[in-house]
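Accompanying notes for the structure given below.
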Amino acid sequence: MGIPVQREMFTQPENNGWVRTLARFGFAAKGLVYVLIGALSLQAAFGGGGRTAGGREAVGVLGEQPFGQALLFIVGIGLLGYALWREVLALKDPGHVGKDAKGTAERVGWAVSGVISAGLALTAFQLALGRSSGGGDGSRTWVGKLMEQPFGGVLVGIAGLVVIGVGVQQFRKAMKSRFARDLSTQAMSPPERTWVFRMARVGLVSRGVVFSIIGVALIKAAIAHDPGQSKGVREALSTVAESPFGTALLVLVAAGLCAYGVYMFFCTKYSKLAHPAA
């Protein structure tokens with residue numbers, strides 16, 4: 001499969017350079033979190049102790065390292081920068097996706113992604129300050145609160161369908177190399193393009209698997225009206241591990257999440273920032 005070299009299709013965000021700087025810093029923070037999620041889950045797959053991991057567990061590991069408090073603050077700031085950039089995309093629409101149904105859906109997705117990143121940043125800051133991040137499973141907490149609202153079960157079911165849609169979108173981006181539209185591919189050397197595209201494709205497929213499992217679990221939780229049936233990233237990876245050929249599949253998916261983290265590091269340099277590259 002050839003590697004497409006995209007023309008400059010999008011302009012930079014309308015905001016000044018500080019937003020772009022925070023966004024690139026945010027890519028690095030997100031990349032580190034994904035590498036840790038993948039690495040911790042690989043350790044579990046190979047029987048090295050521990051369990052599969054999600055974002056909270058990955059951030060917690062940072063706090064256990066030398067200079068852990070400083071690392072948590074740095075990653076927290078990076079994740080906030082990433083969240084801010086997502087909100088700018090949603091509100092300002094520098095990539096001109098428009099206000100029709102498809103464009104609105106994309107922009108709402110970016111806004112939700114920003115809220116999730118901001119929540120993880122808050123967890124990092126709480127741990128850095130020596131406070132509890134709240135414990136428990138984050139996904140089950142918000143699912144439970146949503147179910148307490150009028151028509152909460154319906155809303156959770158809709159959320160499940162949306163998350164499955166995101167998973168399908170990840171597969172499509174991987175297969176059709178749609179992530180390339182926001183990358184300055186002409187600035188890459190041929191070996192860089194090869195590796196960026198490989199990391200992106202493998203990483204997006206793994207994310208597609210994880211999101212699909214989370215979405216199905218949300219629908220099951222909605223039908224049973226039981227928040228305990230919902231899953232986050234850690235539980236989704238545990239589901240992979242418990243499936244037939246689970247160890248091999250977990251290795252593949254966890255390695256893919258590591259690859260996605262590496263791809264995020266490439267995005268710090270090559271993303272045009274006017275449209276999400278993943």
Side-chain angles (χ1 to χ4, degrees), residues 30 33-34 37 41 44 51-59 79 83 86-87 89-90 97 100-123 133-174 203-244 246 249-250 253-254 256-257 260 276 278:
K30 184 180 179 183
V33 169
Y34 264 91
I37 290 172
S41 298
R51 305 166 62 188
T52 55
R56 289 170 178 260
E57 291 76 23
V59 169
L79 290 171
R86 286 282 185 163
E87 301 307 327
L89 289 179
V97 300
D100 59 9
K102 182 179 178 181
T104 299
E106 282 197 77
R107 293 168 70 177
V108 169
W110 300 338
V112 171
S113 172
V115 171
I116 292 172
S117 293
L120 191 55
L122 178 61
T123 296
S133 62
D137 181 80
S139 65
R140 291 174 184 173
T141 299
W142 72 259
V143 169
K145 290 180 179 178
L146 189 57
M147 281 188 175
E148 293 172 359
Q149 309 306 312
F151 305 104
V154 174
L155 294 175
V156 171
I158 292 172
L161 291 174
V162 170
V163 174
I164 290 173
V166 172
V168 172
Q169 184 184 47
Q170 298 291 292
F171 290 128
R172 293 181 66 186
K173 283 185 177 182
L204 288 168
V205 167
S206 290
R207 291 220 322 156
V209 170
V210 171
F211 280 126
S212 297
I213 292 171
I214 292 172
V216 170
L218 283 171
I219 292 174
K220 289 181 178 178
I223 293 172
H225 207 77
D226 178 12
Q229 294 195 30
S230 63
K231 300 179 188 292
V233 173
R234 179 173 64 82
E235 291 79 18
L237 290 170
S238 294
T239 299
V240 172
E242 294 164 2
S243 64
L249 290 175
L250 179 59
V253 174
L257 295 179
Y260 183 81

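These numbers come from a predicted model, not from an experiment. Worth knowing before you read on, the calculation uses all heavy atoms, side chains too, and leaves out hydrogens, waters and symmetry mates.
K173 NZ to R207 CZ: the interatomic distance, rounded to the nearest 0.5 Å, is 8.0 Å. Atom-to-atom distance recorded for E242:CD and L249:CG is 12.5 Å, nearest 0.5 angstrom. Between atom CG of residue L204 and atom CZ of residue R172 there is a gap of 13.0 Å, rounded to the nearest 0.5 Å. We find the CD-CG distance between Q149 and L155 to be 8.5 Å, quoted to the nearest 0.5 Å. Note that CD of Q229 is 13.0 Å distant from CD of E235, once rounded to the nearest 0.5 Å. The distance from atom NZ of K145 to atom CD of E148, rounded to the nearest 0.5 Å, is 8.5 Å.
Contact between S212 and F171 at its shortest, heavy atoms only, is OG-CE1, 3.8 Å. Of all heavy-atom pairs between V205 and A174, the closest is CG2-CB, 3.8 Å. Annotation for A241 and L250: closest pair CB-CD2, 3.7 Å, computed over non-hydrogen atoms. Of all non-hydrogen atoms in A118 and A83, the two that sit nearest each other are N-CB, 3.8 Å. Taking both residues in full, the closest heavy atoms of L120 and R56 are given as CD1-N, 3.9 Å, listed atom of the first, atom of the second, then distance. Pairing each heavy atom of W110 with each of A90, the nearest pair is CE3-N, 4.0 Å.
Considering only residues two or more places apart in sequence or on other chains, E57 meets the side-chain hydrogen bond (donor to acceptor under 3.5 Å, both in side chains) condition with R234.
A donor-acceptor pair under 3.5 Å is formed between the side chain of S206 and the backbone N or O of V253. Although no hydrogens or angles enter the test, the distance criterion places a donor-acceptor pair under 3.5 Å between the side chain of S243 and the main chain of V240.
Residues V168 and F211 form no side-chain contact, since every pair of their non-hydrogen atoms from C-beta on lies 4.5 Å or further apart. At least one side-chain heavy atom of I37 sits under 4.5 Å from a side-chain heavy atom of L237.
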Return all side-chain donor-acceptor pairs below 3.5 angstrom for residues 214-226, not counting sequence neighbours, or 'none' if the list is empty.
residue	atom	partner	partner atom	Å
D226	OD1	G228	N	2.9

